[in-house]
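Below is one structure, written out as C-alpha cells; comments come after it.
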2 protein chains.
Amino acid sequence: MLTSSVAQAPIRAGKGEGETVGIALLGFGTVGSEVFRLLQENADAFTHRIGGPAEVRGVAVSHVGNKPRPGVPKDLLTDDAAGLVTRDDIDLVVEVIGGIDFPRELVLTALNAGKSVVTANKALVAARADELAAAAEATGADLYFEAAVAAAIPVVGMLRRSLAGDQVERISGIVNGTTNFILDAMEATGASYDDALAEATRLGYAEADPTADVEGHDAASKAAIMASLAFHTRVNFDDVYCQGISDITAGDIQAANEAGFSIKLLAICERLRRDDGTEAVNARVHPALVRKEHPMASVSESYNAIFVESEAAGELMFYGNGAGGNPTASAVLGDVVGAARNIVHGGRAPGENTYANLPIASFGEVRTKFHIDMEVSDKLGVLKEVAGVFARRDVSLRTVRQEDGEETARLIVVTHSAREEVLEAIIDELRALDSVHAVHSVIRLSE
Amino acid sequence: MLTSSVAQAPIRAGKGEGETVGIALLGFGTVGSEVFRLLQENADAFTHRIGGPAEVRGVAVSHVGNKPRPGVPKDLLTDDAAGLVTRDDIDLVVEVIGGIDFPRELVLTALNAGKSVVTANKALVAARADELAAAAEATGADLYFEAAVAAAIPVVGMLRRSLAGDQVERISGIVNGTTNFILDAMEATGASYDDALAEATRLGYAEADPTADVEGHDAASKAAIMASLAFHTRVNFDDVYCQGISDITAGDIQAANEAGFSIKLLAICERLRRDDGTEAVNARVHPALVRKEHPMASVSESYNAIFVESEAAGELMFYGNGAGGNPTASAVLGDVVGAARNIVHGGRAPGENTYANLPIASFGEVRTKFHIDMEVSDKLGVLKEVAGVFARRDVSLRTVRQEDGEETARLIVVTHSAREEVLEAIIDELRALDSVHAVHSVIRLSE
C-alpha cells in the first residue's frame, strides 16, 4: 500500500538542549544581509525559540574583496562556499544566492553531508525538486523552502501542514510582484507596457533583465512548487504552461476595464477530473481577466494574493507582500527556526511526498474561457458566420458585443468554458475566415 | 540563558513506517462526524500522508443509545470516554466535544498517558493552556489545536511556525462568525440587534444560547490563544478584556455608516512599548469602527479575516470560512496528519513556548480612539465646555460634528489616540456635565 515516496530516513537524534546550531549563510544580498542582521539583533529570541543559540559561522560571497558588509566580522566571510557547507561546525545551510546551477551544487553537497538546508530559491526548487528531495531523504536532513513562494505569505507551510488532511482542488494567485506592478500601473495611468516596465525598473520593482518576471518564469516556478505540494505529485517547472505579460497592450487593459475586468498575471494549479473518471493535474501561468468585484482585482503594486480551494476547508485567501528583503527574510528565518529546532531536539520536517503521482494534463485539456477581441467585416451575415464556428465545436457564448466602425466592426466575444484546445482551434478557424480581418487579442478569464 | 519553558521531553521513537495509528474520536457532532467520514473516505490518502494507516478505534459519545450514526460500526461506539483514551491501542485522541471541564479531564488523562491530542476546543485551550502544555511536556506527547482558532484558516500554524523567526507586533481580526453575521445583517437591513439575532438563530448561525458568541467570550478565547503564540507569553482567557455586541443598536450602525464606518467585533492582540522602554502585551475583544475602505469592512456573513503585522513580514491577511463542520474538520485533520506522522516516524511538534513571559498590560494602558455620540444642550458655550474636558487631559480631537435638534444638539466626537483609561475618565466626566444630557454610544476605532 505504501509507495517508496513516503519512506523517511530514521529521525536523527538531536544535538541536545542548549547546544549551538552552526549556520552557513550562502549569499549576502538583500535577503542574506537581512537574515544576518535579524539573527544578530534578535539572538536571544532565536535561542529561546530554537532551544539553543543559532550562530552564523560563515558567510559565503562571490568576492570577499573590500566591499563593506556592515556588522559582519571579516573572518566569517569566505568565497569558498563548497568548503563552508561541509565544515564540521556547520549544521544548517541557508541558501539565498539565486540562480540554479551554482546553488544546486552547494545545496546537494550540504544535503549529502547531512546538513539541513533552508532555501529561498524558487527556480532551484522548481527545477530540481526530485534530486534535492532524494538527497534530503537519503541523509535525513531537512529541506525547507517557505520563502520560495510569495515570501512571508505561508503558502508552503499551509500546503505541507495545515491542509495535509484536506484535498486541494485549485490554487489561483498573483504570485509575481513585478508583473502586478506593471499591470497595475498600465491600468491606473493608461501607460503602454514598455513605459510601465521602464517605470517599474526605475523604482526597483523590475530587475535590469526583467525576462524571468515578465515572461512568467518566476510565477511558473512558484506554480510548480505549489502544485507539487497541493497534489502530492511532482510538477516541474517544465510542466507548467507559461505565458507572460509582454504582449498585453494598453488597448487590452482599456477593453478589459470597459467590460468590468482587470488583467492580472495568474498562476493556476488545478485538479482535473477526466471523462474516464481518473484525475490529473495542471499548472499554468497566463494573463487573465479578473472581475473587478473579485478581491484579486484590488491586489495592487507588488502585493501577492493566493486563493486556495479545498474539499473541506472551502476557499481560503492569503494576502501580503510577496517579495522584498524583509518579508523574504521573515520566511527564511521561520524555516531556520524549524530546521534548527529539529537539529537541537531531533525530529524531521514532513518531507517530500509525491505519492499521488497523478498525470500532468496538457494545457489543451484544461477547461478555460476566452475573451476574444476581433475586427470583422461590417456586413450582413458575419456574426452568423462567426457564431457558426463556435457552434460547430459546441462552445456556447456568454456575451457578444459588436461595435460598428467605419468599414469594419469590432466584435468582442466571451465564451463559456470549453477545453483550451477546442478554443485554440476556434481561434485558428476565425483567423482563417475572410470576414475576420484580425484577432486583436485573446485573453482567458480567471474563472 | 534558557528558561525551563523551552525544555522539551526527549523525542519519542516512532512506531515505524507502515504501522497503524489508533485514533480515539471524542464527540460525534457536526465536526466529529465530518472528521470520521473524511478519514474513512480518504483513507488511502491519509495512509500515504502519514506513513501508515489512521484507524478510528473508538468513538466516544454521551449516549450510545439507538441514535443512527451513519457509517459508524456499532462496536466502535462507547460512552466510556475515559476508558477509551487510555486504551493500549490508542495513539492519538481527537477531542471535538466542546465545553471545558469534561474534555479537560479526558485530554489531561490522554496526555498523561503519552497519547497525542488534537483538539478543536478553543475554550479549553484558552482556559487551561498551562496544565495542558505541562502534561504534554512531561510525556512528550503532541498537543495540536489549529481548529481552535478560525477553523481552517491556518492561524495557529502560521504563528507557531511560519512567523517563528519574526516578531509579531499586532493581530487584529474578525474571528467570530455569529457576531459578524448579526452585525452584517444589521448593517444590510437596518434591523435591530434582537431581530438580527433571531434571524441568525433561525438560520443556524447562532446557537440556542448565544451568550458565548454575542458577549465575545468565543472571540476572547481565540484572542488568548493567538496572543500566547504570537508573543511567547501565557495569555489566558481571563486576561482578555471582553465586550460583546449586545449593546449595539440600529442607531449605532446607522451613525457609523453615515461616518463611513462598519461596526465589527474585533479581537486585537498587541505588543505595547511602555514609557520605561519595557514591553508588555494586551489582548482584547470589543466592537470597533472599521473604515469602509478597509478589507475588514467587507468581510461578510460568517467569514473570518485576520491581519497580522510583524517586524519583517509586514502585514499579512488571511481570510476564509472560520466555522462550520467542514472547515473545522479540515483543520482537525491537518493536525491529525501532523500528530500521526510524528507517532509513526518519531519527532515532535514545536511545543509550548512562553519564554518571553511579558507582563499583561491592562486595557486601561492601551492606546485607543473613541467615537462618542452624545446629546447636549443646544446653547452657547457647550462645545467649548465639552472640548475643555478633552483638552484638560491632553486628548486631541480628530473630528467634531454637531447636528442641531429641537431643544438639544447631537454631538459626535472622534478622538485621536489616547490611553483607554484617560478616555474612559473623559466619558465619566462628560456624563457628569449638566449640559451633556446623554452619552448614547461610545465605540472604539479599529486603528
Side-chain angles (χ1 to χ4, degrees), chain A residues 1-3 6-8 10-11 14 17-18 34 38 42 45-49 51-52 146 151-154 157-158 161-167 232 295 310 312-321 326-327 329-338 341-342 345-348 350 353 355-356, chain B residues 1-3 6-8 10-11 14 17-18 34 38 42 44-49 51 146 151-154 157-158 161-167 232 295 310 312-321 326-327 329-338 341-342 345-348 350 353 355-356:
Chain A
M1 193 166 194
L2 292 175
T3 70
V6 292
Q8 288 199 329
I11 52 162
E17 186 81 21
E34 272 305 294
L38 290 165
N42 304 327
F46 281 102
T47 300
H48 284 295
R49 295 177 193 183
E146 180 63 70
I153 305 175
M158 174 193 56
R161 300 180 187 270
S162 316
L163 290 171
D166 207 332
Q167 166 145 306
H232 301 92
S310 58
E315 188 171 88
L316 298 170
M317 184 183 102
F318 305 85
Y319 174 85
N321 200 334
N326 280 328
S330 171
V332 166
L333 289 169
D335 282 354
V336 164
V337 170
R341 201 152 43 191
N342 291 344
H345 297 293
R348 272 195 84 199
N353 197 336
Y355 75 86
Chain B
M1 194 162 192
L2 292 174
T3 71
V6 292
Q8 287 199 332
I11 52 163
E17 185 80 22
E34 272 304 294
L38 289 165
N42 303 327
D44 266 14
F46 281 103
T47 301
H48 284 293
R49 295 177 192 183
E146 180 62 71
I153 304 176
M158 175 193 55
R161 300 179 187 269
S162 315
L163 289 172
D166 208 333
Q167 166 145 306
H232 302 91
S310 58
E315 189 171 87
L316 297 170
M317 183 182 104
F318 304 86
Y319 174 85
N321 200 333
N326 279 328
S330 171
V332 167
L333 289 168
D335 281 355
V336 164
V337 170
R341 201 154 42 190
N342 291 343
H345 296 293
R348 273 193 83 198
N353 197 337
Y355 75 87

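Here is the naming used below: chain letters follow the sequence lines, and residue numbers restart at 1 for every chain.
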Quiz item: Roughly how far, to the nearest 0.5 Å, is CG of B:L163 from CZ of A:R49?
Solution: 9.5 Å

Quiz item: Can you tell which of B:A331, B:A329, B:A164 has the highest number of heavy-atom pairs within less than 4.5 Å of chain A?
Solution: B:A164

Exercise. Taking the side chain as every heavy atom from C-beta outward, state whether B:R161 and A:R161 have any pair of such atoms under 4.5 Å apart.
Key: yes

Quiz item: What residues of residues 312-319 of chain B sit under 4.5 Å from chain A when only non-hydrogen atoms are counted?
Solution: B:A312, B:A313, B:E315, B:L316, B:M317, B:F318, B:Y319

Quiz item: Given that the side chain runs from C-beta out, which part of A:L38 has a heavy atom under 4.5 Å from chain B: side chain, backbone, both or neither?
Solution: side chain

Practice problem: For each of A:A45, A:G320, A:P295, tally heavy-atom pairs with chain B at distances under 4.5 Å, and name the one with the top tally. | Solution: A:A45

Exercise. Among the options B:S330, B:G338, B:A152, pick out the one with the most heavy-atom pairs lying under 4.5 Å from chain A.
Key: B:S330

